[in-house]
Protein chains: 2
Amino acid sequence: MRFDLVDLKLFLAILEAGSITAGAARANLALPSASARVRGMEETAGTPLLVRSRAGAVATPAGEALAHHARLILQQSERMRGELSRYGRGLKGHVRLWSNTAAFSVGLIGDLARFLARHPDVDVDLQERPSREIAPALRGGLIHIGLLSDVGDTLGLETRTYGEDVLMAVLPKGHRLANTPGAGFADVAALPFVGLTPGNAIHQLIETHAVALGLPLKYRVRVNRIEAVGEMVQAGVGVSVLPTADALRVAERTQVEVFTLPEAWARRRLVVAVRDLQALPEFARQFLDGLGG
Amino acid sequence: MRFDLVDLKLFLAILEAGSITAGAARANLALPSASARVRGMEETAGTPLLVRSRAGAVATPAGEALAHHARLILQQSERMRGELSRYGRGLKGHVRLWSNTAAFSVGLIGDLARFLARHPDVDVDLQERPSREIAPALRGGLIHIGLLSDVGDTLGLETRTYGEDVLMAVLPKGHRLANTPGAGFADVAALPFVGLTPGNAIHQLIETHAVALGLPLKYRVRVNRIEAVGEMVQAGVGVSVLPTADALRVAERTQVEVFTLPEAWARRRLVVAVRDLQALPEFARQFLDGLGG
DNA sequence: CTTCATCCTTCGGAAAATCCGAAGGATGAA
DNA sequence: TTCATCCTTCGGATTTTCCGAAGGATGAAG
C-alpha cells in the first residue's frame, strides 16, 4: 500500500532537512531507498511533490499538502501509541468526553479529579468543544459522554441535568453591596472591575450585558488565572464576576464577599448526554455515576 | 514498523465483521495473515486487543481505543489521498482557512465563491473555528489564513480589517419602525419575532440582549435557513434581526424593510490574519487579495 | 574551461517482511 | 460422540524493501 507511515515520516524529514540525502539520514534510510520512496509517492499522487535542485529539495504545493496531512496523521498515530502503551501497563479504559466551556465552571474539574483519583486505571480524554459539535459526535460514536448546554439539539440522546452555570458577583470583604437586597449586575457593573483576559467566554458574556446596560466596564486590571481575581478583589482593586464554583473556591481562600446574580442570563442549564446508556462500557458508566455526585 | 495502515484497516474490518475470519476476507487477506497481524499488534501494544470466543472476536477496551484512533487516522489518510489526486489532475494549490462564525455573515461566502470561480485550479479548505483557536493555528503553520474577531490575541500576526459584523433589523414592508428615527433593538424586541434555530451564535447574542433589556423575545416561529427568515417576515409573521450581508440579500429577494441597529454590541470588528505575508504561497496571497475586494 | 563537490537516480543482488495453503487445536452445539 | 466454526501454528514461496556501487546533472571554485 502506498503512503505508509514510513513514507510520511521520511517526507517530513526531507522537508525539515532540506534535501533527500539529509532527510534519508534522519529517517535512518539509505539514500536510494529514500529516493525510491519519494518516486513511489509521486507516482501514486500523479504529480511532483519535490522540486529538486542543485542545493537540495523543496516541496511543491502538492508536497505542502502532503506534509500537512502527514503531520496530522503521524501526530494521531503517536497519540494512539501512547494510549495503547498505557493499556499494556494496566490501564482498564479510556473515557472520551467533550464538554462545552460552561461545564468547566460547574465542578467538572472537581468531578474529574475525584474520578481519576478513585480510578487510577482509567484515563479520561477531555476536550472543550462548542455545544453544537457535541451531539453529532455522540451520535457517531466518536465519544462516550458529552456535557452541553440544553439549548442545543439533543434529540435521540439520553440526557440528564448536570448543573447550572450561574454567575456570582465577587466583592471585597465588607462591601455594602453584599448586604443590599435586590442588588444585581447593574450595581456591580458600575464599580471598578477586575476582568479576565479577552477571549474568555464568561468575560464576553459579561461584557455584552454591561454594554447592553449602557455601563461599559471600568477595568482596573485583567488577569488570566481565577485565583488572581480573588487576590485582586481582596486587595480592593475592584469587583468581579465569576461562575459559582470558581467564586466559592475563591471565597474560601481569600477574604471576599460573594452573591448570586439575579439576572436570567446569568443562569444556564447544562446536561450530560450519552447515546445509549446500555451500550456504554463499564468504565464510562462509572464516570457517569461520578458526575455531579 | 508496527501499526501500518493495513493493520488498522484490518482491525476495523474485524470489529465490523465480528470475527477474524470474516474480517480477513473483507480486508482481502488470508486468515493466517490476519491472525499474525493481530498478534503482532497485541505484542506491540503489550495487551490483548480482541477477546476470542467460539463465536468470533470482540474488542477489549484497549481494542476500542485502537479502533477509535484507527478511524481517525484512516479518515485523515483518505482525505489526503483525495487532495493529492486533485493535484495530479491539475490542481495548483490549497488555501487553508479558518474563520469564526461571524465572518460567514460578512461576505466570506461571496468572496469565496468569487475566488473559486476565478481560480478553478485552487481549492480552499474552510473550517469554522472559535476565534481563540485560530491564532495558535496560524502561528503553528497549520493554516495559511485566519478570519477572527479582533478581541482575541493576535500578537505577532499580520492583520488587516476584513469587515464589520453589524446586525440589522428586518421588518415587513411598510412597517412604521422603518421610518422611525432613533429606533433600536428595544423597539424590535418588543414585536413578535422570527428566530433562527437555537445554537446559532447570532441567535444567542440577540437572545442575551433581549433578556438583558427585560424583553424576552416572543418567537412566532424558528427557522434554520436565512432565506426562510425573509419569507416569514414578508408574510407578516413577525420581525427579525440578521447580519448586514444576509439582511441585504433578503431585502433584494423579498419585500421587506431593513435598518441597522444602533447599539454598540451589534457591531464587531473582524480581521484577516496571516503569520508572514512574505512566506505565503502565491495562491494563498491571491486569495488574500480577493478578501473584502 | 576544467575540476570538484554535492545531490539525485539507476541497477542488481541480498535481506526481510508478508503472504498463503495445509494441518492442528479449542470449544460449544447437535 | 460427532461436527462445525473459529483461531493458531508451521513451512515454503512471493513480494517488498533495503543497501552499496556506479552513473548523471549542475553549479561553484580554480
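The sequence lines fix the lettering, A, B, ..., with proteins before strands; numbering per chain opens at 1. Note that the structure is predicted; figures quoted are calculated from it, not measured.
- With hydrogens and angles ignored, the 3.5 Å screen pairs no side-chain donor or acceptor of B:S19 with any backbone N or O of B:A57.
- For A:I20, counting side-chain heavy atoms from C-beta on, the closest listed nucleotide (D:dC7, C:dT9, D:dC19) is C:dT9.
- As rounded to whole Å, 11 Å separates atom P of D:dT9 from atom CD of B:E42.
- When the side-chain nitrogen and oxygen atoms of A:R39 are compared with OP1 and OP2 of C:dT10, one or more of them lie within a distance under 4.0 Å.
- Atom CE of A:M41 and atom C1' of D:dT17 are 14 Å apart (whole Å).
- Here the nucleotide nearest the side chain of B:D4, chosen from C:dT9, C:dT18, D:dC7, is C:dT18.
- Side-chain nitrogen and oxygen atoms of A:R52 include none within less than 4.0 Å of the OP1 or OP2 phosphate oxygen of D:dT26.
- Base contact: A:S33 has a heavy atom under 4.0 Å from a base atom.
- Although no hydrogens or angles enter the test, the distance criterion places a donor-acceptor pair under 3.5 Å between the side chain of A:E42 and the main chain of A:L50.
- For the pair A:F3 CZ and D:dT16 P, the computed distance is 17 Å after rounding to whole Å.
- Between B:S35 and D:dT8, a side-chain N or O to OP1/OP2 separation shorter than 4.0 Å is present.
- Under the Watson-Crick or G-U wobble criterion, with both distances below 3.5 Å, C:dT6 is paired with D:dA25.
- Closest contact between the side chain of B:A57 and the listed nucleotides C:dC7, C:dC19, D:dC7 involves D:dC7.
- Atom pair A:L50:CG and C:dC7:P shows a separation of 15 Å (rounding to whole Å applied).
- Of the two residues near DNA chain C, A:A55 and A:P32, the one whose nearest nucleotide lies more 5' is A:A55.
- Of all non-hydrogen atoms in A:G146 and A:L97, the two that sit nearest each other are N-CD1, 4.5 Å.
- Comparing atom distances between the B:R54 side chain and each of D:dT26, D:dC7, D:dT5 picks out D:dT5 as nearest.
- Contact annotation: B:R2 reaches the phosphate of C:dT18 (side-chain N/O to OP1 or OP2, under 4.0 Å).
- An OP1 or OP2 oxygen of D:dC18 is reached within less than 4.0 angstrom by a side-chain nitrogen or oxygen of A:R37.
- In terms of modelled atom types and a separation under 3.5 Å, the side chain of B:R139 and the main chain of B:L155 share a donor-acceptor contact.
- Side-chain proximity of A:T21 to C:dC7, D:dT17, C:dC19: nearest is C:dC7.
- Rounded to whole angstrom, the span from the CG atom of A:L31 across to the P atom of C:dT10 amounts to 12 Å.
- Within the 4.0 angstrom heavy-atom criterion, only backbone atoms of the sugar-phosphate kind lie near B:L29; the bases stay farther away.
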